Amino acid sequence: MLTKDIPLYQLHDGYKIPSIGFGTSGITGKKGAESVENALHNGYRLIDTAIRYENEGAVGAGIRRSSLPREEIYVTSKLRGGLYDYSTALASIEESLFRTGLDYFDLFLLHWPNPKQDKYVEAWSALIQAQKNGYIRSIGVSNFEPEHIDRLKKETVVTPVINQIELHPYFSQERVRKYNSDNEIVTQAWSPLSRARTVLQDETLNTLAKEKNKDTGQIVLRWHYQHGVIPIPKASGTEHQLSNLDIFDFELSDAEMEKIDSLTREDGRIDKQDPNEHEEF
């Protein structure tokens with residue numbers, strides 16, 4: 001059983017996933033393993049990593065050190081764009097399992113569509129096979145636009161269970177969220193707090209936080225939750241880890257949700273990484 005304190009979302013393939021996770025981008029080495037171990041002790045049950053992060057070993061070490069049963073932890077990793085050849089992708093997933101020391105991943109994603117490279121359908125076919133091989137329970141995508149997913153569905157007849165995208169109050173991605181919902185795809189949010197660069201200083205959000213007796217980060221994460229989005233915030237320290245989990249004892253009204261929705265901007269991407277242009281290798 002997953003921790004009872006965190007609600008679960010149902011995926012269309014029959015599995016369930018925690019409604020908030022722990023992001024590990026930039027967390028490596030001994031400190032990375034300690035952060036993951038602490039996150040698990042503090043109540044997190046969804047750990048998100050990627051080949052690109054170069055920390056799957058640290059994540060695996062943190063999981064082992066936690067002494068929690070494997071079935072209580074939901075582990076996600078992602079295939080980097082330079083590994084999209086079919087045979088390379090399968091071998092890379094095997095290597096990810098060796099690095100983490102796990103027998104399977106709960107979820108594996110294609111990290112970016114890399115449309116100019118045009119190998120994401122081939123890579124998706126590799127994920128389908130890896131799932132059949134027992135390496136992965138659920139398969140999904142990251143940073144995919146509706147048009148990319150439509151092509152996956154048309155050419156493989158397999159729909160991702162998850163689409164992990166950049167999503168925060170300054171870039172709310174309403175079109176992609178609606179598409180995901182209409183196609184029974186759960187939306188995850190990377191950088192849900194805008195990498196703490198901007199939204200945590202927003203006057204509207206700070207005012208709401210004072211009114212709710214919460215911190216601004218909790219307001220933003222609750223906004224994600226009420227939109228049915230799984231946020232994956234990063235936090236290395238115990239105080240922030242616990243704070244980010246403390247979002248299930250209050251509610252934002254419809255008017256408050258709309259007020260936060262209104263903060264979105266057309267140019268709200270953090271690093272201007274447009275999935276139709278950005279190439280990850």
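Because the structure is predicted, anything quoted here is derived from the model rather than measured. Excluded from the calculations below are hydrogen atoms, water molecules and symmetry mates; all remaining heavy atoms, backbone and side chain alike, are included.
- Under the ring pair (Phe, Tyr, Trp, His ring centres under 6.0 Å) criterion, Y84 pairs with no residue at all, not counting sequence neighbours.
- S243 and D215 share a side-chain donor-acceptor pair at under 3.5 Å.
- A donor-acceptor pair under 3.5 Å is absent between the side-chain atoms of T264 and the main chain of D261, judged by distance alone.
- Side-chain contact, E56 with S96: a donor N or O sits under 3.5 Å from an acceptor N or O.
- R137 has no carboxylate O lying under 4.0 Å from a charged side-chain N of D13, or vice versa, which leaves the two without a salt bridge.
- With K212 as reference, E256 is the one residue of E251, Q218, E256 to meet the side chain to side chain donor-acceptor pair (under 3.5 Å) rule.
- No side-chain donor from either of N163 and Y179 sits under 3.5 Å from a side-chain acceptor of the other.
- Contact between Y74 and K16 at its shortest, heavy atoms only, is CE1-O, 3.3 Å.
- Heavy atoms only, all atoms of each residue included: L152 and F144 are closest at CD1-CE2, 3.8 Å.
- A donor-acceptor contact closer than 3.5 angstrom is absent between the side chains of N38 and E34.
- Each of N143, D48, T49 was compared with K78 under the side chain to side chain donor-acceptor pair (under 3.5 Å) criterion, and only D48 meets it.
- Geometric assessment of R269 against the ring of F171 yields a negative cation-pi assignment under the 6.0 Å and 45° thresholds.
- Looking at E37 and R64, no side-chain N of the basic residue comes within less than 4.0 Å of a carboxylate O on the acidic one, giving no salt bridge.
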